[in-house]
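Below is one structure, written out as structure tokens, with a few remarks after it.
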Amino acid sequence: MTDATGPMVAADGRPLKASLNRALRRQKMRALLLISPLLFFIMITFIIPIGQMLFRSVENQIVGDVLPTTVVALDAWSVKSGEAPGEEVFFALTQDLVLAAERKEHTRLGSRLNYEDPGISSLFRKSGRNVEVMGEGYAKQFDALDERWAETNTFSEILADPEWLADAAQVETAADMDRFEVNEDAATYLPRTVAAYTSFANYMIADKGKDPAKSKPWNTLHLALFEDLRAAPEITIASAYGDMLRTAAAAVPTFETETLSASFAKIDKDWLDPDVWSTIKRYSPSYTNGYFLNAIDMEKTVDGPAWRPEDQQIYLTLFWRTLLMSMTITISCILLGYPVAWLLANLPARTANLLMILVLLPFWTSLLVRTSAWKILLQQQGVINDIVVWLGLVADDNRLALINNATGTIIAMTHILLPFMILPLYSVMKTIPPTYLRAAKSLGATNWTAFWRVYFPQSVPGIGAGSILVFILSIGYYITPEIVGGTKGVFISNRIAYHISSSLNWGLAAALGTILLAVVMLLYWAYDRIVGIDNVKLGG
Amino acid sequence: MLQSAKLLDLVFIQECSLSCQDLRGTSVSKSGNESAFVEFERVQKSYDGENLVVKDLNLSMPKGEFLTMLGPSGSGKTTCLMMLAGFETATHGEIRLDGVSINHIPPHKRGIGMVFQNYALFPHMTVAENLSFPLEVRKIGKSDREQKVMRALGMVQMQDFAGRRPTQLSGGQQQRIALARALVFEPELVLMDEPLGALDKQLRETLQFEITNLAHQLGITVVYVTHDQTEALTMSDRVAVFDDGRIQQLAPPDELYEAPQNSFVAQFIGENNTLEGVVKEIKGNTCIVQLDSGDIIDAIPVNVAAVGDRTKVSIRPERVEFNKDRLKAGAHTLKAEVLEFIYMGDIFRTRLRVAGVDNFIIKSRNAPDQVRLTPGQQIEIGWLAEDCRALDA
Ligand SMILES: Nc1ncnc2c1ncn2[C@@H]1O[C@H](COP(=O)(O)OP(=O)(O)OP(=O)(O)O)[C@@H](O)[C@H]1O
Ligand SMILES: [Mg+2]
């Protein structure tokens, strides 16, 4: 068909390849259109949540968001100094905390840091309540100097851009005001005050809908002003406020001062503990590997990641236990399910249908009911123990512990997941014609050889499918271990659930979940390499 | 195509006569041995306890015979084969192999080779592994095994496919492998249940030839089940025609065709014209039958007992004569009207209305002097009395 000079062309003269691609593309588009509702659904309910979970396991913006200036100020400090950071850090903390307290963000930050260093939560709660008094002394001393300092609009007159002030006077409600704009001159000689007032003004406008010029300034503004004036800046302002500022600047050295660290220590002496500051500093970046380290029983220390003390390690043990128990459950399911599936596939239709109903019966009962039933059956005074004792296999005072431990979880989960093993096995076995067994026997194989060499290898894809199904289901199972597992029989998923609903440490929960996902994918990959995923059949 | 197939077979036979002989260990067949090798004695089989699927089966095969079970669907052929193989138990009666009752011997100890209709090659094993399976379970050493496997593959000319999986083979190739697998452990008896059923006509013909050749070369006894009467007639030493759980006739192919013992066999084997009537007179080995239309014809009494019995007379289409000169003087003739003339190349097939029957067929050879009949033409037909068999009604 091809001539020596070029590629094949279609009837209309285009290259055949291009025509084919075009035809195929149209088919693909149509196929895509058909699955688009499902794709959309999966996107919304599956892909995006998983993405969010992955994100949440490293996301850590709260520290930087709530304590922006503190985080910057902490840069220069190191825990190796052995003492709490200096006044400038406490100054930044005061400024950040007063805003956070107004916004009620300090408690959230407290809980976040509490995961890393228990006790920080109450520290922040107490401090948030008391931070507003900081700088009160300075406020009084400024008021005493000039009563204009007590007026609400003084700060904005000095610090705001005149144009912004003019605009602000025009608006009907305070909520419509633009974001605060600073007077460039003031920013050069009163930098701290400008920064503090900017957050104050923006908070008033955006969060409270109030005109900052009509709101009582926070004491922390006076604190900032004091700090600025103490540096004896050159004040160039021309208006009436100029003199007032210069007077204040002259008076500042005579002010009665207040040591911030001492004030904080009065609220809680933990503020002088370098470890608290170290925690804040370690968790100040926006992204952290801290959750993941926690999830594998490590912690961030000054010298980088390190193992937690032996008695605090729980997660690796849990992961390991989850894997082992899932494998045990999978193997039990294979051992129990294989003969049943074989019967299903080989009995006459009528009997097989009845058996199939029995296999499916558990699906018609609530999971909780089934699990609770096991609780009743397996307990020390339960039916099974009664029977064993009655048979004389164990003494009455030595009843078996079958529940609230790993045994209980394995028994109940095997029962619950058994259909997921039987069904794929059955559908694969159904496709193995009985003539293979006959052929093997006619060739001289005993029943066992015929089964082992001929039937079993052909049922392996069913075992593979069932095992993957059961294993992956059990590795993430939650309800049953929770009910019958006690402490020794719970899975990693129970811990995840705990962090999601009780401790509210979602980041750690997300990290644990991510690791679980990675483990499952790793095992899947290993399975593909060893057995081959083409070797998995759910039927046909 | 046919020619090339034949050529291939010739080469194959030569190859085989060398290799097959030492595969068997002994020389070809002891065809003189008339003592029964496979015997069914009064065997009955019922699956449900209500209906007999096999009713009173008696059969005796000498060693080395190629016997075909032929019959309509559901007549019990597979059931018989399965009883012989040991996968079904006879409800009553005895099955003997080489003089020993095998009723209670499990299938894997019977040492009977078997070829299944759907081949039943193990899909998870290669061709070589499939063939070596029966040798492995017999604990034959590795080098021996490999040798035997290659030899068996050589018998069916499939040496080059040893490493393939069954799914990578065509239907015909799979069939050959199935055959080789049934032969590789050197069984004396091989059962085949419609082994060629799924193949196209040409391939079927080639393989028919190969199977019979192999069977005779190796001197094995074969029980072969088929639906296809041509297959049965061309391949077998004897054919057992099954119907309704009974052997209707057990005879060599020519006898079966030319001397059917009852009207079922007559109709089942080959094309056949049937006329119904009543026996009027029996004179030695001829009789006179009055057809339902009132016409009188000559026949030989095969399956009629007495004058007055109803009978179905059967005449093969190629034995009907419409050229009066070739008929015996005094023979009875029938008036016939030509309904249809079909040109079929080597033969002419003409459909007539005879004695009130619309589908009376005659076949004549396409010879230079042959007359071509035209529809509507009125002719007279007749036959030799010995070609017309008066059978049961
Ligand atoms: N396992 C079985 N259980 C019950 N009845 C059966 C069973 N196997 C076969 N039969 C019945 O026995 C009769 C004979 O079946 P068999 O398979 O021997 O027929 P066959 O001659 O091999 O037909 P075919 O040419 O269609 O293969 C049929 O009526 C069939 O329905
Ligand atoms: Mg059959």
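Here the structure is a predicted model, which is why all the values come from computation and not from measurement. Sequence lines set the chain letters: A, B, ... in the order given, protein chains first and strands last, and positions in each chain run from 1. Only this structure's heavy atoms are used, side chains among them; waters, hydrogens and symmetry mates stay out.
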- Note on the structure: Max heavy-atom pairs within cutoff under 4.5 Å with chain A, candidates B:P107, B:P123, B:A85, goes to B:P123
- Item | Region of B:F185 in contact with chain A, defined by heavy-atom distances below 4.5 Å | side chain
- Item | For chain B, the option from A:P433, A:P457, A:A445 that forms the most heavy-atom pairs under 4.5 Å | A:A445
- What residues form a side-chain contact (heavy atoms from CB on, under 4.5 Å) with B:A162, not counting sequence neighbours? B:A128, B:L153
- Side chain, backbone, both or neither: which part of B:F122 has an atom under 4.5 Å from a heavy atom of chain A? both
- Task: Go through the atoms of B:L121 and report whether side chain, backbone, both or neither lie under 4.5 Å from a heavy atom of chain A.
- Result: backbone
Looking only at N and O atoms, which donor-acceptor pairs between chain B and chain A are within less than 3.5 angstrom?
| unit_1 | atom_1 | unit_2 | atom_2 | d |
| --- | --- | --- | --- | --- |
| B:H124 | NE2 | A:R453 | O | 2.8 |
| B:E136 | OE1 | A:R453 | NH1 | 2.8 |
| B:E136 | OE1 | A:R453 | NH2 | 3.1 |
| B:R138 | NH1 | A:L443 | O | 2.6 |

- Query: For A:F41, what residues pass the side-chain contact (heavy atoms from CB on, under 4.5 Å) criterion, not counting sequence neighbours?
  - Reply: A:T45
- Partners of B:D237 by salt bridge (charged side-chain N to carboxylate O under 4.0 Å, His left out), sequence neighbours excluded? none
